[in-house]
Amino acid sequence: MKVGFIGTGSMGTVLIESFIRSGAIRPSAVVAANRSHEKAVRLAARYPGLTAAGSNGEVAAACDLVFLCVRPLSFKSVIDEIKPYITADQIVISITSPVLLKHLESALPCKVAKVIPSITNEVQSGAALCIYGERMNGEDRTSLERLLSPISKPIRVAESYTRVTSDISSCGPAFLAYFVQKLIDAAVQVAGMPREEATRLASETLLGTGKLLNEGGYTPESLRQRVAVPGGIIEAGLELMERELETTFVRLLQATHAKYDEDVEKIDQLFFGSIID
Ligand SMILES: NC(=O)C1=CN([C@@H]2O[C@H](COP(=O)(O)OP(=O)(O)OC[C@H]3O[C@@H](n4cnc5c(N)ncnc54)[C@H](O)[C@@H]3O)[C@@H](O)[C@H]2O)C=CC1
Ligand SMILES: O=C(O)[C@@H]1CCC=N1
C-alpha cells in the first residue's frame, strides 16, 4: 500500500515522521508533495526510499490513501488538481476540521474521511479523531485505524463534534502549554526562580498529572479534591482561579468555534459558490 501526503508543513511532517519512526509505514511506501518542492525533497533526503513527488497529481495517481495536509482554504484548489487522478477505491483524508465531509464527497468520486491529528502524535500519544464519510466501509475504517494506532489512539467522533473534540485534542496541547508557560513566568517573576529549572519542574508536573488522570484512576475533580486540603494553600490558589477564570474556558471555546464557523463559510463558498446548510 502506498500512502500519500500533500502538504509537508508542520502537521504533514509530524504525520510522515511519526508513521515512519513508529514502523507503521516504510519510507518506500510514502509519496509526498509540497507547494515548495524543496520541503518534500528534504524529507526524502532524511528518509531514503521516500518519494518526493513533483506534483500533487503524482501523489494522487500513485497512492491508495492520500492525506491532505494543507491549510483549510487551500483544499479546494488541491482537490481540483488531484481529482483527475482519483478513482472510486482510493481513500482521501482531510486533516483539518472545517473542511466537511460534504465538501469532500461532493468534489471527489472516492472514499473520504477526516482524521484530525494532534502534535501529541509526534510522541506516539494523544488522539487521532476519525470522522467517516458514508463511502468508507467497515473494513476501510478498521484498516485506517490500524494504520493510525502506532502513533495515536484513534477515536471515532460524529462530525457534529469535530470542533469541540479538536479543541481538546489538537488545540489542547497549545492551551495547556500556555497555562504551563504562565505558571513558569510567575515563578520567575514572583520568586526569581531560574526559568530552566521552573520549566523542568512544570513539565514533570504536567507529565505526572497526565499519568494520574490516565492510569492513576483520578478524574480532574477527584484529583483536585485529593490534593486541596480545606483551608490550605492549594485551596487558596484554586479559589483565586475560580474567581478569575470562571468564564474563560467557555469563551475560549466560543472563540475557536467562531473561527471555525468563519472558515466553514469560506470553504462553502469555495466548494459550492454560496453558503448552504
Ligand atoms: N498544527 C496543528 O497542531 C494541527 C493542524 N491541523 C491541520 O493541518 C493543516 C496543516 O497545518 P500546518 O501543517 O500547521 O500548516 P503549515 O502551513 O505548516 O503546512 C501547510 C503546508 O502545505 C503546503 N501547501 C500549501 N498549498 C499547497 C498546495 N496547493 N499543494 C501542496 N502543498 C501546499 C505549504 O507549503 C506548507 O508546507 C491545517 O489545515 C490544520 O488545520 C490539524 C491538526 C493539528
Ligand atoms: O482543524 C483543526 O481543528 C485543527 C486544530 C488545530 C488546527 N487545526
Side-chain angles (χ1 to χ4, degrees), residues 1-9 11-12 15-16 31-35 53 55-118 127-145 147-148 152 154-166 169-170 257 259-277:
M1 184 176 77
K2 292 267 186 197
V3 184
F5 296 84
I6 294 179
T8 59
M11 247 6 241
L15 284 176
I16 292 170
V31 183
N34 194 73
R35 187 172 47 192
S55 72
N56 296 336
E58 197 181 321
V59 176
C63 296
D64 308 284
L65 184 67
V66 180
F67 285 92
L68 303 181
C69 310
V70 295
R71 298 218 182 151
L73 300 185
S74 303
F75 267 73
K76 179 64 167 71
S77 64
V78 167
I79 284 174
D80 287 345
E81 243 179 279
I82 64 172
K83 190 174 176 177
Y85 305 93
I86 296 286
T87 55
D89 52 345
Q90 284 171 288
I91 298 177
V92 170
I93 296 169
S94 159
I95 69 156
T96 198
S97 61
V99 170
L100 306 181
L101 291 170
K102 70 180 179 188
H103 298 131
L104 300 169
E105 278 174 344
S106 70
L108 289 167
C110 61
K111 303 170 185 201
V112 302
K114 299 203 294 189
V115 170
I116 315 298
S118 164
L129 306 172
C130 300
I131 300 124
Y132 295 119
E134 281 177 7
R135 296 176 204 150
M136 291 281 289
N137 63 33
E139 202 180 309
D140 297 326
R141 295 173 191 210
T142 309
S143 62
L144 178 57
E145 287 166 20
L147 178 72
L148 293 165
S152 67
I155 294 178
R156 292 186 190 189
V157 297
E159 189 167 36
S160 55
Y161 286 115
T162 310
R163 182 63 260 141
V164 74
T165 49
S166 10
S169 174
S170 304
H257 286 230
K259 174 71 174 96
Y260 171 83
D261 290 343
E262 219 178 86
D263 281 355
V264 170
E265 200 173 309
K266 286 182 189 155
I267 293 164
D268 264 349
Q269 275 165 1
L270 288 170
F271 277 82
F272 303 127
S274 63
I275 300 158
I276 63 161
D277 285 327

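A distance-only check finds no donor-acceptor pair linking the side chain of Thr96 to the backbone of Pro72 [under 3.5 Å]. Between the side chain of Ser152 and the backbone N or O of Leu148, at least one donor-acceptor pair lies under 3.5 Å. For Thr165 (side chain) and Thr162 (main-chain N/O), a donor-acceptor pair under 3.5 Å exists by modelled atom type. Using a distance-only test at 3.5 Å, with no hydrogens or angles considered, no donor-acceptor pair links the side chain of Thr8 to the main chain of Asn34. At least one donor-acceptor pair closer than 3.5 Å links the side chain of Gln90 to the backbone N or O of Thr87. At distances below 3.5 Å, at least one donor-acceptor pair connects side-chain atoms of Lys114 with backbone N or O atoms of Val99. Between the Arg135 side chain and the Val112 main chain, no donor and acceptor come within less than 3.5 Å of each other.
Taking the six-membered ring where tryptophan is involved, the planes of Phe272 and His103 are tilted, since the angle between them lies from 30° to 60°.
For the residue pair Val59 and Gly4, the shortest heavy atom distance occurs at CG1-CA, 3.6 Å. Nearest heavy-atom pair across Pro154 and Cys130 is CB-SG, 4.0 Å. When every heavy atom of Gly133 is checked against every heavy atom of Leu101, the shortest pair comes out as N-CD2, 3.7 Å. For the residue pair Phe271 and Ala107, the shortest heavy atom distance occurs at CE2-CB, 3.8 Å. Closest of all the heavy-atom pairs between Cys69 and Gly7 is CB-O, 3.4 Å. The shortest heavy-atom contact between Val70 and Phe75 is O-CE1, 3.2 Å.
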ask   = Are Ile267 and Leu100 close enough, and set up right, to give a side-chain contact (heavy atoms from CB on, under 4.5 Å), and what steps lead you there?
value = CA-CA 9 Å; Ile267 293 164; Leu100 306 181; over 6 Å; no
request  = Show the numbers, then the answer: is there a side-chain contact (heavy atoms from CB on, under 4.5 Å) between Phe5 and Val66?
outcome  = CA-CA 6 Å; Phe5 296 84; Val66 180; over 6 Å; no
inquiry  = Does Ile116 form a side-chain contact (heavy atoms from CB on, under 4.5 Å) with Ile95? I'd like the steps, not just the answer.
reply    = CA-CA 5 Å; Ile116 315 298; Ile95 69 156; 5.6 Å; no
key: Candidate pair Ile16 and Val3, rule side-chain contact (heavy atoms from CB on, under 4.5 Å), full reasoning   = CA-CA 9 Å; Ile16 292 170; Val3 184; over 6 Å; no
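Summarising the geometry, atom OG belonging to Ser97 is positioned 16.0 Å from atom OH belonging to Tyr161; distances are rounded to the nearest 0.5 Å. For the atom pair CZ (Phe67) and CD1 (Ile6), the distance works out to 12.0 Å, reported to the nearest 0.5 Å. Between the CD1 atom of Ile93 and the OH atom of Tyr132 there is a distance of 8.0 Å, given to the nearest 0.5 Å. Atom-to-atom distance recorded for Leu104:CG and Ile131:CD1 is 10.5 Å, nearest 0.5 angstrom. How far SG of Cys63 is from CD1 of Ile91: 12.0 Å, rounded to the nearest 0.5 Å. Atoms CZ and CD, on Arg156 and Glu145 in that order, are 4.0 Å from each other to the nearest 0.5 Å.
Taking Asp261 as the reference, nothing meets the salt bridge (Lys or Arg N to Asp or Glu O under 4.0 Å) condition, with sequence neighbours excluded.
Among residues at least two apart or in separate chains, salt bridge (Lys or Arg N to Asp or Glu O under 4.0 Å) pairs with a member in residues 103-113 are Lys111-Asp140. Residue pairs meeting the side chain to side chain donor-acceptor pair (under 3.5 Å) criterion with at least one partner in residues 56-67, sequence neighbours excluded, are Asn56-Glu81.
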